Amino acid sequence: MMSMNSKQPHFAMHPTLPEHKYPSLHSSSEAIRRACLPTPPLQSNLFASLDETLLARAEALAAVDIAVSQGKAAAAAGQVAAASAAAAVVGAAGLASICDSDTDPRELEAFAERFKQRRIKLGVTQADVGSALANLKIPGVGSLSQSTICRFESLTLSHNNMIALKPILQAWLEEAEGAQREKMNKPELFNGGEKKRKRTSIAAPEKRSLEAYFAVQPRPSSEKIAAIAEKLDLKKNVVRVWFCNQRQKQKRMKFSATY
DNA sequence: ATGCATGAGGG
DNA sequence: CCTCATGCATA
């Protein structure tokens, strides 16, 4: 009965972030990426005359992928290209501010692993760490979800996100190891049943089409999205969000930067 | 561990 | 509408 799931009240959500967690990280990095993108995609006149054709083309590519037995080939190629671009950006920029040890991917990776190791040694779950962060009483820092802690440990967060979270998790780690020799206990609180969100699941065939399309055009216009949505019989918003998430995925540490 | 979703902030 | 940080729900 006591499903000890990771159900947390809503206290961890973004009730109206004070001013967002990491103020200075935004515009700069994005601007640099854009400014240094080596090759602005390809098709431009392709879209002018082709519409449904491109969609069909993308799906054809998906079919080819299947034949090659590597469903992710196209997407992978896109990621590689993006990774190269990102690497070139960092190299060309040569900015001291983003090249010191605190932002060094290797250091982040090393820390993430040490963190996980010590966390486990403390017998604490990812979810525990997340909620415990609120107890650190660090200004502007509340709790985090199991998802985020997991992603931090597996480096599946953006480089900037990793950098921002590192000091926070480091603080928790030291605090926790110090408190271990003592005695600690925190109260658990749960709330009754609320309306649960339902997660839409995109079927494999549709996903293949989306991936194929993404390979040729990662940022389809609203109109294209509508067309794709209709073609795949999905809600337009679902398709839009899928593309947004796909783009974010490309930027995660694990698939980015040459290090 | 990861897929789809939300919301702040920016343009 | 997008990006980005983040989370609920689920495989």
Side-chain angles (χ1 to χ4, degrees), chain A residues 3-35 37 71-72 75 82 86 89 108 112 116 119-120 125-131 133-134 140-169 190-191 193-204 206-208 210-211 214 217-226 228-229 232 234-256:
Chain A
S3 52
M4 51 97 247
N5 63 6
S6 52
K7 178 71 181 126
Q8 305 277 326
H10 266 187
F11 72 132
M13 257 212 268
H14 20 231
T16 288
L17 301 177
E19 53 168 12
H20 214 247
K21 311 269 181 167
Y22 325 106
S24 63
L25 303 174
H26 282 206
S27 51
S28 58
S29 58
E30 179 54 24
I32 294 176
R33 278 195 210 95
R34 293 186 162 300
L37 280 178
K72 292 183 177 177
V89 168
L108 288 170
K116 181 172 188 176
R119 185 207 101 214
I120 292 174
T125 67
Q126 296 171 330
D128 290 335
V129 174
S131 47
L133 293 180
V141 178
S143 54
L144 288 175
S145 66
Q146 170 266 325
S147 302
T148 300
I149 303 304
C150 171
R151 285 168 175 152
F152 179 85
E153 294 182 345
S154 61
L155 305 174
T156 43
L157 286 175
S158 71
H159 188 193
N160 278 350
N161 205 173
M162 289 293 292
I163 292 170
L165 258 32
K166 182 188 171 189
I168 296 170
L169 294 178
F190 289 100
N191 62 343
E194 298 290 319
K195 42 221 148 196
K196 314 224 170 187
R197 188 169 75 186
K198 202 47 185 176
R199 203 177 89 184
T200 45
S201 187
I202 300 174
E206 285 66 45
K207 232 178 254 186
R208 276 184 245 116
L210 288 170
E211 282 164 5
F214 187 84
Q217 177 51 240
R219 310 183 58 173
S221 69
S222 186
E223 317 240 283
K224 266 66 179 183
I225 290 178
I228 295 171
L232 303 181
L234 291 171
K235 285 191 281 184
K236 184 183 175 182
N237 202 53
V238 168
V239 174
R240 184 183 62 74
V241 170
W242 186 87
F243 273 91
C244 284
N245 283 323
Q246 210 58 30
R247 277 177 234 128
Q248 262 199 299
K249 232 173 159 181
Q250 286 186 148
K251 297 176 179 173
R252 286 176 180 172
M253 273 199 85
K254 275 218 160 170
F255 308 109
S256 272

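So that the names make sense, note that chain A is the first sequence line, chain B the second, and so on, each numbered from 1. Everything numeric here is computed off the predicted structure, so don't read it as measured data.
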So, does [X] get its side chain near the phosphate of [N], meaning an N or O under 4.0 Å from OP1 or OP2?
X	N	answer
K198(A)	dT10(C)	yes
Q146(A)	dT6(C)	no
S147(A)	dG7(C)	no
T156(A)	dA1(B)	no
R252(A)	dC4(C)	no

Mapping R240(A) and Q248(A) onto DNA chain C by nearest heavy atom, which one lands closer to the 5' end?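 Between the two, 5'-proximity favours R240(A).
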Return the 5'-most residue of the pair L157(A), R199(A) with respect to DNA chain C, ranking by each residue's nearest nucleotide. L157(A)
Round to the nearest Å and state the distance from [X] atom [atom1] to [N] atom [atom2].
X	N	atom1	atom2	answer
N237(A)	dG7(B)	CG	P	12 Å
N160(A)	dT6(C)	CG	C1'	15 Å
L165(A)	dG7(C)	CG	P	9 Å
H159(A)	dA5(C)	NE2	P	11 Å
L144(A)	dC4(C)	CG	C1'	14 Å
E206(A)	dC4(B)	CD	P	11 Å
N245(A)	dC2(C)	CG	P	12 Å
I149(A)	dG7(C)	CD1	C1'	12 Å

Looking only at the side chain of [X] (C-beta and beyond, no hydrogens), which of the listed nucleotides [options] gets closest?
X	options	value
W242(A)	dC4(B), dT3(C), dC2(C)	dC4(B)
T148(A)	dT3(C), dG7(C), dT2(B)	dG7(C)
C244(A)	dT3(C), dA9(C), dA5(C)	dT3(C)
C150(A)	dC4(C), dA1(B), dC1(C)	dA1(B)
K249(A)	dG3(B), dC4(B), dG7(C)	dG3(B)
N161(A)	dC8(C), dT3(C), dT6(C)	dT6(C)

Using the test salt bridge (Lys or Arg N to Asp or Glu O under 4.0 Å), find all partners of K166(A) that sit at least two apart in sequence or belong to another chain.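 Per chain and number, K166(A) pairs via salt bridge (Lys or Arg N to Asp or Glu O under 4.0 Å) with E107(A).
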Please list, chain by chain and in numerical order, all residues satisfying salt bridge (Lys or Arg N to Asp or Glu O under 4.0 Å) with R240(A), sequence neighbours excluded. none
Over all strands shown, is [X] touching base, sugar-phosphate only, or nothing at heavy-atom distances under 4.0 angstrom?
X	result
R151(A)	base
K235(A)	nothing
Q126(A)	sugar-phosphate

Can you confirm whether [X] sits close enough to [Y] that some side-chain heavy atom of one is under 4.5 Å from a side-chain heavy atom of the other?
X	Y	answer
L108(A)	H159(A)	yes
Q250(A)	F214(A)	yes
K116(A)	F152(A)	no

Heavy-atom closest pair, residues T125(A) and R119(A): C-NE, 3.8 Å
